[in-house]
Amino acid sequence: MITHGTYSETLPSGGELKVSSKGWRIYYYFPGPDGRYNGTSVSIEESKVEEYIQAFIENYNEWEKLKEVVPEGGSFEKVGKANMTIRVGKSYWEGICLCSYHMQIKDKEKLDQVIESYKYAIERAKEITEKLYS
């Protein structure tokens, strides 16, 4: 869909591909838990998408390693690559999260889905840019 000169498409793993004559990005809006709280926006610019793919992989591998060393019943949290959150142990949001507790990944299938979605976004953005803005 094109609105205000920007092409927009929902990606398979969530988020939205936004392409304009100035470039493209993957955009997320995560609403607050209820009406009393503002939502959170995350925008991944085209120059950072490959970096985020690598960060997802490295953070997931780090989470897998941490699960082996954190004592049962314990918990651990750290900031990973690309400011993603890594949580192990007794936590509702265990796994890796794109931002705070948003877009939780705690299995290989979800990780693969996100990576494939980002790779699709790269190719789709090139295609749209060539068709609309060349």
Side-chain angles (χ1 to χ4, degrees):
M1 171 194 312
I2 298 177
T3 55
H4 306 293
T6 300
Y7 172 85
S8 178
E9 176 180 334
T10 301
L11 296 171
S13 68
E16 196 172 351
L17 172 63
K18 293 184 175 263
V19 183
S20 74
S21 60
K22 296 178 183 174
W24 63 273
R25 63 193 168 115
I26 297 173
Y27 175 79
Y28 294 92
Y29 177 74
F30 303 107
D34 62 40
R36 296 174 293 173
Y37 302 94
N38 291 330
T40 300
S41 296
V42 176
S43 185
I44 304 169
E45 301 302 320
E46 66 182 285
S47 64
K48 297 285 188 181
V49 173
E50 291 281 353
E51 180 183 315
Y52 270 76
I53 290 171
Q54 193 59 37
F56 276 115
I57 293 167
E58 291 178 27
N59 290 335
Y60 186 84
N61 291 338
E62 177 77 8
W63 175 66
E64 289 280 303
K65 290 176 187 170
L66 287 169
K67 287 192 315 182
E68 295 175 10
V69 297
V70 172
E72 189 173 329
S75 63
F76 181 76
E77 180 178 322
K78 71 179 267 186
V79 176
K81 305 270 185 189
N83 259 354
M84 294 180 199
T85 308
I86 303 172
R87 289 187 189 87
V88 179
K90 295 178 82 173
S91 170
Y92 181 75
W93 297 288
E94 181 176 19
I96 62 172
C97 295
L98 175 63
C99 171
S100 183
Y101 57 88
H102 303 291
M103 206 171 104
Q104 177 187 30
I105 298 173
K106 59 181 184 177
D107 60 60
K108 186 81 166 88
E109 292 76 25
K110 176 69 174 178
L111 175 67
D112 291 343
Q113 179 189 41
V114 170
I115 291 168
E116 288 307 310
S117 188
Y118 280 35
K119 289 178 179 178
Y120 167 81
I122 292 168
E123 293 306 312
R124 185 72 173 136
K126 287 178 189 174
E127 182 182 302
I128 297 303
T129 301
E130 288 172 6
K131 283 183 180 177
L132 296 179
Y133 305 110
S134 295

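In this text the structure is predicted, and so the values were computed from the model without any measurement.
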Practice item. Heavy atoms only: give me the nearest Arg87-Cys97 pair and the separation to one decimal. Key: NH1-SG, 3.7 Å

Review point. Closest heavy-atom contact between Val42 and Cys99?
Key: CG2-CB, 3.8 Å

Review point. Between Lys110 and Gln113, does a side-chain contact (heavy atoms from CB on, under 4.5 Å) hold up when you go through it step by step?
Key: CA-CA 5 Å; Lys110 176 69 174 178; Gln113 179 189 41; 3.5 Å; yes

Point to revise | Co-members of the apolar cluster containing Val79 [side chain, <4.5 Å] | key: none

Review point. Applying salt bridge (Lys or Arg N to Asp or Glu O under 4.0 Å), which residue pairs with at least one partner in residues 65-75 are found, sequence neighbours left out?
Key: Glu64-Lys67

Practice item. Please list all pairs passing the salt bridge (Lys or Arg N to Asp or Glu O under 4.0 Å) test where one or both residues lie in residues 13-24, with sequence neighbours left out. Key: Glu16-Lys18

Practice item. Can you run down the side chain to side chain donor-acceptor pair (under 3.5 Å) pairs that involve residues 97-108, sequence neighbours left out, and say none if there aren't any? Key: Lys108-Asp112

Exercise for review: Following the transitive rule for hydrophobic clusters with a side-chain heavy-atom cut-off under 4.5 Å over Ile, Leu, Val, Met, Phe, Trp and Tyr, establish whether Leu17 and Tyr29 coincide in one cluster.
Suggested key: no

Check your understanding: Do Tyr118 and Tyr120 have ring centroids that are under 6.0 Å from one another?
Key -> no

Review point. With side chains defined as the heavy atoms from C-beta onward, is the minimum distance between Tyr28 and Ile44 less than 4.5 Å?
Key: yes

Point to revise | Qualifying residues under side-chain contact (heavy atoms from CB on, under 4.5 Å), relative to Lys78, sequence neighbours excluded | key: Glu62, Leu66, Phe76, Ile86

Practice item. Determine, step by step, whether Met103 and Val114 satisfy the side-chain contact (heavy atoms from CB on, under 4.5 Å) criterion, reporting the C-alpha distance in whole Å, the side-chain angles of both residues, the deciding distance to 0.1 Å, and the verdict. Key: CA-CA 10 Å; Met103 206 171 104; Val114 170; 3.9 Å; yes

Do any side-chain atoms of residues 45-57 form donor-acceptor pairs under 3.5 angstrom with protein atoms, and if so which ones, sequence neighbours left out?
unit_1, atom_1, unit_2, atom_2, d
Glu45, OE2, Ser43, OG, 3.1
Glu46, OE1, Trp24, NE1, 3.3
Glu46, OE2, Trp24, N, 3.1
Gln54, NE2, Glu58, OE2, 3.1

Revision key, fill the gap. So CG of Leu11 and CD of Glu9: to nearest 0.5 Å the spacing works out to 6.5 Å

Revision key, fill the gap. d(Leu98 CG, Thr85 OG1) to nearest 0.5 Å is 9.0 Å

Check your understanding: Using the ring of each side chain (for Trp, its six-membered ring), is Tyr60 parallel, tilted or perpendicular to Trp63, with breaks at 30° and 60°?
Key -> tilted

Side chain to side chain donor-acceptor pair (under 3.5 Å) involving [X] - partner list, sequence neighbours excluded:
X      : answer
Ser117 : Ser13
Ser20  : none
Ser41  : Tyr27

Practice item. Could you tell me which residues satisfy salt bridge (Lys or Arg N to Asp or Glu O under 4.0 Å) with Glu94, sequence neighbours excluded, listed by chain and number? Key: none

Exercise for review: Check for a donor-acceptor pair, side chain of Asn59 on one end and backbone N or O of Lys81 on the other, with a separation under 3.5 Å.
Suggested key: yes

Check your understanding: For Asn83, does the CG atom sit with more than 12 other heavy atoms under 6.0 Å from it, leaving out its own atoms?
Key -> no

